[in-house]
2 protein chains.
Amino acid sequence: MTEAPRPLRRTEIRQQNETLILQAAEKVFAEAGFGGATMQLIADMAGLPKANLHYYFATKEDLYRRVVQDIFEIWLQAAESMDQAPGPVEGIGAYIEAKMEISRRHPDGSKVWAYEVMHGAPVIQDYLETTLREWTAGRVRLIEGWIAAGKMAPVDPEHLLYMLWAATQHYADFGHQIATLNGGPLTDADWQRATDSVKTMILRGIGAL
Amino acid sequence: MTEAPRPLRRTEIRQQNETLILQAAEKVFAEAGFGGATMQLIADMAGLPKANLHYYFATKEDLYRRVVQDIFEIWLQAAESMDQAPGPVEGIGAYIEAKMEISRRHPDGSKVWAYEVMHGAPVIQDYLETTLREWTAGRVRLIEGWIAAGKMAPVDPEHLLYMLWAATQHYADFGHQIATLNGGPLTDADWQRATDSVKTMILRGIGAL
DNA sequence: AATTTTCTTGACCGGTTGGTCAGCCTGTGA
DNA sequence: TCACAGGCTGACCAACCGGTCAAGAAAATT
């Protein structure tokens with residue numbers, strides 16, 4: 001017997017179904033890519049008829065764009081952990097922890113982002129050229145300040161950022177490969193060890209330890 | 001006026017067309033993923049009729065599998081640079097250089113590999129479980145030997161390997177993002193600086209410098 | 001020169017895709 | 001209570017997909 005569904009308000013309905021669809025879409029896009037994903041598959045995963053998806057999201061591209069944008073927001077929030085830190089040990093350490101946590105909690109989102117960038121960023125090119133470029137420039141200045149203050153070795157700030165992104169996102173994007181080599185999904189202890197390893201190697205690599 | 005095509009031998013024809021198709025396929029699979037790629041697109045890029053593709057490769061999956069396998073071979077060859085090195089500075093240094101060179105020369109291949117692993121490795125799962133696992137186990141022992149000999153800090157060998165893969169392949173898989181932030185494709189000097197940055201940070205990060 | 005084998009290709013096919021739409025259902029405000 | 005706007009969906013469609021095939025062209029073999 002199914003539980004009696006309490007009547008929902010209009011705004012609730014919209015909110016609920018949009019997030020339901022977005023969650024399903026994130027998963028399907030991560031598993032199959034944009035071209036491999038089908039609206040029918042997303043609909044089935046969301047438990048809704050396909051036509052209902054098109055009521056909330058006009059086209060497949062619109063839906064995909066929303067998924068990518070949502071991920072970008074989460075991704076940018078982690079950046080705040082880097083600011084207002086006295087030095088690289090705290091700032092970069094916190095950033096690594098935040099990014100590793102995202103790789104763990106939102107592996108599908110990370111994959112969709114990777115997929116989008118890998119294929120030339122047809123949807124979020126403007127974000128790369130504006131928001132991401134500005135954010136990067138700001139962190140480069142921050143790192144240069146730390147270097148000038150003698151708090152870390154004179155590494156190239158851009159390539160340090162690339163390494164931070166690469167090392168942390170790798171645990172989401174290549175999670176399947178890691179799990180295979182690990183003999184199964186990473187446990188809590190595995191994730192802790194991974195985070196510690198990345199932090200130790202990078203912080204020592206930039207001469208901050 | 002077109003140049004008179006010298007008559008080709010059978011083996012030449014087969015060889016020539018197969019590599020022509022494989023090159024086109026690598027590019028298209030990298031740009032669109034397996035699901036987004038179409039045989040028609042690959043055929044157009046190779047300058048052949050679609051039916052001709054199916055003469056050399058029975059199915060789209062067969063063609064895709066060949067592309068992934070070819071990349072895996074190149075990828076494994078770079079591993080040899082790590083062996084027969086007296087210590088981590090030479091071994092890991094050479095490995096980073098080899099992997100960076102692959103990221104530069106075969107960015108499409110790297111993307112197809114990333115795409116394959118990201119989507120659960122449906123085609124090359126057996127390679128991960130056999131060849132890659134054995135290779136990894138061998139390098140873990142190599143690194144453990146270097147640690148025991150006091151040639152580097154006691155880092156977790158697996159996570160060091162993940163960082164090597166992540167940092168180097170990032171320049172291929174996320175090349176578009178890097179080029180955007182860089183204001184254009186990386187020049188020779190940019191690639192040299194990138195390689196040096198990765199080498200310096202990682203080698204210092206594992207206490208080998 | 002004749003014959004066999006390999007290679008090439010336009011035309012075609014069943015199945016699937018993203019997207020549409022008319023009509024129905026259901027909260028909401030008067 | 002009633003009218004209306006927002007939410008829902010089965011049925012449908014043109015376009016496109018991977019793959020097939022028969023018939024012809026070209027090379028190898030006899």
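Note on naming: letters A, B, ... go to the chains in the order of the sequence lines (proteins, then strands), and numbering restarts at 1 for each one.
The stretch residues 31-40 of chain B has no heavy atom under 4.0 Å from DNA chain C, so no residue of it qualifies as close. Of the residues in residues 52-67 of chain A, those lying under 4.0 Å from DNA chain C by heavy-atom distance are His54(A), Thr59(A), Lys60(A).
Whole-Å rounding puts the Leu48(B) CG to dT9(C) P distance at 7 Å. Asn17(B) has its CG atom 10 Å from the C1' atom of dT8(C), to the nearest Å. Leu41(B) has its CG atom 13 Å from the C1' atom of dC16(D), to the nearest Å. Taking atom CD of residue Glu18(A) and atom P of nucleotide dC8(D), one finds them 11 Å apart after rounding to whole Å. Atom pair Ile21(A):CD1 and dC8(D):P shows a separation of 9 Å (rounding to whole Å applied).
Residue pairs meeting the side-chain hydrogen bond (donor to acceptor under 3.5 Å, both in side chains) criterion with at least one member in residues 25-50 of chain B, sequence neighbours excluded, are Gln40(B)-Asp44(B). Legend: salt bridge (Lys or Arg N to Asp or Glu O under 4.0 Å) pairs involving residues 121-145 of chain B, not counting sequence neighbours, sorted by first then second residue: Asp83(B)-Arg139(B). The salt bridge (Lys or Arg N to Asp or Glu O under 4.0 Å) analysis of residues 161-176 of chain B, with sequence neighbours excluded, yields no pairs.
Listed by chain and number, the residues in a ring-ring contact (aromatic ring centres under 6.0 Å, His included) with His119(A) are Tyr115(A) (sequence neighbours excluded). Partners of Glu90(B) by side-chain contact (heavy atoms from CB on, under 4.5 Å), not counting sequence neighbours, listed by chain and number: Ala85(B), Pro86(B). Under the rule for a ring-ring contact (aromatic ring centres under 6.0 Å, His included), Trp146(B) has no partner lying at least two apart in sequence or in another chain. Here Arg104(A) pairs with Asp188(A), Trp191(A) under the side-chain contact (heavy atoms from CB on, under 4.5 Å) rule; sequence neighbours left out. With sequence neighbours left out, the side-chain contact (heavy atoms from CB on, under 4.5 Å) criterion links Leu128(A) to Trp113(A), Ala121(A), Ile124(A), Gln125(A), Leu132(A), His176(B), Gln177(B), Thr180(B). With sequence neighbours left out, Phe57(A) forms a ring-ring contact (aromatic ring centres under 6.0 Å, His included) with no residue at all.
Under the 30°/60° scheme for interplanar angles, the aromatic rings of Phe29(A) and Tyr64(A) are found to stand perpendicular.
Proximity of Arg14(A) to the phosphate of dG6(D): no side-chain N or O atom is located under 4.0 Å from OP1 or OP2.
Nearest-nucleotide positions on DNA chain C for Lys50(B) and Thr11(B) put Thr11(B) closer to the 5' end.
The shortest side-chain heavy-atom distance between His106(A) and Ile74(A) falls under the 4.5 Å cut-off.
With the end axes of the helix from dA1(C)-dT30(D) to dA30(C)-dT1(D) each set by five pairs, the angle from one to the other reads 10° at 10° resolution.
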